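Beneath this line is the structure, given in structure tokens, with notes to follow.
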2 protein chains.
Amino acid sequence: MLKLTKKVDYALLALSFLSQQETGKVVNIWEISEAYQIPTEILAKVLQRLSKKGILQSHHAPKGGYSLKKSSKDVSILDVINAIDGPVAILSCSDSHDKTCQQIDNCDIRSPLEKIQGKIMWLLEEMSLEEFTHSVPTTGGVLHGSINLSGQPRYH
Amino acid sequence: MLKLTKKVDYALLALSFLSQQETGKVVNIWEISEAYQIPTEILAKVLQRLSKKGILQSHHAPKGGYSLKKSSKDVSILDVINAIDGPVAILSCSDSHDKTCQQIDNCDIRSPLEKIQGKIMWLLEEMSLEEFTHSVPTTGGVLHGSINLSGQPRYH
DNA sequence: ATAATCGCAGATCAAAATGGTCTGTGATTA
DNA sequence: TAATCACAGACCATTTTGATCTGCGATTAT
Ligand code: SF4
Ligand code: SF4
């Protein structure tokens with residue numbers, strides 16, 4: 001339920017790896033695959049999409065590979081998810097025109113659900129790769145009050 | 001990606017339906033199924049789980065059915081998701097002991113991801129069924145500042 | 001120029017999660 | 001005691017995801 005896919009996991013690991021290198025360093029798939037024990041073929045797919053979306057720069061050539069195209073603070077987690085799995089959508093009906101939900105005519109929960117969806121997207125958009133890989137303690141004061149930043153759920 | 005399951009959708013619709021009735025009103029599966037065009041068998045499963053988790057009260061008897069067991073402001077969206085699909089878990093590894101992820105030894109993204117997970121759970125826990133069905137404009141001032149409450153994503 | 005080393009693209013298969021169906025049982029009450 | 005409701009679990013179909021395979025295209029060192 002609400003689980004991130006393995007591909008996104010792979011993408012984040014790879015990006016994390018790259019952002020730990022000296023800036024502009026070119027790394028090939030095999031190295032990343034080796035570092036995390038990820039099957040090379042599927043990692044290839046993942047990195048391809050990241051480069052197609054402008055997050056990575058690819059260099060095809062001997063000694064080629066991938067390097068970060070943007071500063072890690074200009075890449076949000078949402079960007080990564082969008083690149084790998086297509087648009088985040090909590091609801092089946094947010095694909096809009098696509099295939100319409102049977103309940104849509106009588107549905108009175110759509111608008112509140114969209115509100116939640118907006119908040120989740122905002123959350124994912126706020127967090128950049130930089131904060132992500134460097135374990136910055138807060139998101140910069142955008143969330144206030146009683147919000148739980150411990151990473152540990154406080155519910156039973 | 002990150003999509004709520006249809007069963008949760010059904011659960012929320014049913015709960016929304018029930019909370020629109022006079023309090024304590026007993027409604028059977030067929031009526032709800034009819035109202036939203038949900039297959040009765042699967043709706044039955046969904047309502048069973050809600051009653052097992054103490055969200056609904058069941059009355060088996062002629063003229064029986066289900067009624068809300070708690071006030072709608074004491075039921076969070078997280079409760080509903082937990083009841084239907086088991087615990088919310090963004091990461092594959094948060095099932096902990098279960099089957100371990102191949103990358104877990106070298107993983108340097110787990111803690112930030114758990115942070116995000118915590119925030120999402122907090123979000124879902126904050127919103128009660130009452131706010132949900134009555135379209136209350138805000139969540140009561142817990143989120144401040146530039147948060148986007150419009151329900152519409154503001155990203156491209 | 002050409003061969004080695006890379007990424008690119010798409011088809012394809014396997015496994016898992018989900019949605020939906022079916023059959024039979026148990027509780028309550030008119 | 002029969003009708004009406006929920007309960008339980010097995011079961012199958014569909015969709016999504018993870019992973020693999022095959023061949024092509026770009027770049028560069030020699
Ligand atoms: S039930 Fe409502 S919210 Fe859920 S998918 Fe259908 S229209 Fe969208
Ligand atoms: S890669 Fe890290 S975060 Fe993702 S599932 Fe494995 S251990 Fe958890």
Side-chain angles (χ1 to χ4, degrees), chain A residues 1-11 13-14 18 26-34 36-53 55-67 69 81 84-89 92 95 98-99 101-103, chain B residues 1-11 13-14 18 25-34 36-53 55-67 69 81 84-89 91-92 95 98-99 101-103:
Chain A
M1 184 71 255
L2 283 177
K3 190 146 54 184
L4 290 180
T5 63
K6 216 78 185 71
K7 287 179 188 172
V8 170
D9 242 22
Y10 292 156
L13 284 169
L18 280 165
V26 174
V27 176
N28 69 25
I29 290 181
W30 184 86
E31 296 177 69
I32 303 177
S33 158
E34 190 65 15
Y36 300 107
Q37 306 298 324
I38 301 170
T40 57
E41 295 92 344
I42 195 167
L43 182 59
K45 288 275 169 245
V46 166
L47 298 189
Q48 276 167 35
R49 292 198 211 166
L50 290 178
S51 95
K52 188 178 285 183
K53 296 286 181 170
I55 296 172
L56 291 183
Q57 179 63 256
S58 71
H59 311 266
H60 15 152
K63 299 237 168 194
Y66 291 97
S67 59
K69 191 168 188 179
I81 297 178
I84 303 298
D85 285 329
V88 170
S92 325
D95 321 37
D98 207 9
K99 54 173 64 173
C101 159
Q102 291 284 119
Q103 285 74 40
Chain B
M1 185 73 254
L2 282 179
K3 189 147 56 182
L4 289 180
T5 63
K6 218 77 185 70
K7 287 178 187 173
V8 170
D9 240 22
Y10 292 157
L13 283 169
L18 280 165
K25 175 78 183 295
V26 174
V27 176
N28 69 26
I29 289 180
W30 184 86
E31 293 176 71
I32 302 177
S33 158
E34 189 66 15
Y36 299 107
Q37 306 297 326
I38 303 171
T40 56
E41 297 91 344
I42 195 168
L43 182 61
K45 288 271 171 253
V46 167
L47 298 189
Q48 276 167 36
R49 291 196 210 169
L50 291 178
S51 95
K52 189 178 286 183
K53 296 286 181 173
I55 296 173
L56 291 183
Q57 179 63 255
S58 70
H59 310 265
H60 13 154
K63 297 239 166 189
Y66 291 95
S67 60
K69 191 167 185 177
I81 297 178
I84 301 298
D85 284 328
V88 170
L91 307 110
S92 324
D95 321 36
D98 210 7
K99 54 172 65 173
C101 160
Q102 292 284 119
Q103 285 73 41

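The chains referred to below are lettered A, B, ... by the order of the sequence lines, with proteins before strands, and numbering in each begins at 1. In this text, all values refer to a predicted model and were calculated from it rather than measured experimentally.
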B/S/- along nucleotides 1-11 of chain D (protein heavy atoms under 4.0 Å) is --BBBSBBB--
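Every residue was checked against the side chain to side chain donor-acceptor pair (under 3.5 Å) condition with A:Lys7, not counting sequence neighbours, and none meets it. Every residue meeting the side chain to side chain contact (heavy atoms under 4.5 Å, CB included) condition with A:Pro87, not counting sequence neighbours, appears here in chain and number order: A:Asn82. For B:Glu31, the side chain to side chain contact (heavy atoms under 4.5 Å, CB included) partners are B:Val27, B:Asn28, not counting sequence neighbours. A:Gln57 meets the side chain to side chain contact (heavy atoms under 4.5 Å, CB included) test with A:His59, A:Ser67, A:Lys69; sequence neighbours excluded.
In the set C:dG20, D:dG18, D:dC21, D:dC21 carries the atom at the smallest distance from any side-chain atom of A:Glu41.
Counting only heavy atoms from C-beta outward, the side chains of A:Thr5 and A:Tyr10 never approach each other to under 4.5 Å.
In this structure, A:Leu50 atom CG and C:dG7 atom P are separated by 13 Å, rounded to whole Å. Atom CG in A:Asp9 sits roughly 16 Å away from atom C1' in D:dA19 (whole-Å rounding). Rounding to whole angstrom units, NZ of residue A:Lys6 and P of D:dT20 are separated by 13 Å. The distance from atom CD1 of A:Ile42 to atom P of C:dC13 is 17 Å, rounded to the nearest whole Å. Taking atom CZ of residue A:Arg49 and atom C1' of nucleotide C:dG7, one finds them 15 Å apart after rounding to whole Å. To the nearest angstrom, P of C:dG20 lies 14 Å from CD1 of B:Ile84. Nucleotide C:dT21 holds its P atom 12 Å from the NZ atom of B:Lys7, rounded to whole Å. In this structure, CG of B:Leu4 is placed 18 Å from P of C:dA17, rounded to the nearest angstrom.
Put simply, A:Tyr10 has no side-chain N or O that comes within less than 4.0 Å of OP1 or OP2 on D:dG18.
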Show me the donor-acceptor pairs within less than 3.5 Å that the side chains of residues 43-51 of chain A make with the rest of the protein, sequence neighbours left out.
unit_1	atom_1	unit_2	atom_2	d
A:Arg49	NH1	A:Ile84	O	2.4
A:Ser51	OG	A:Gln48	O	3.2

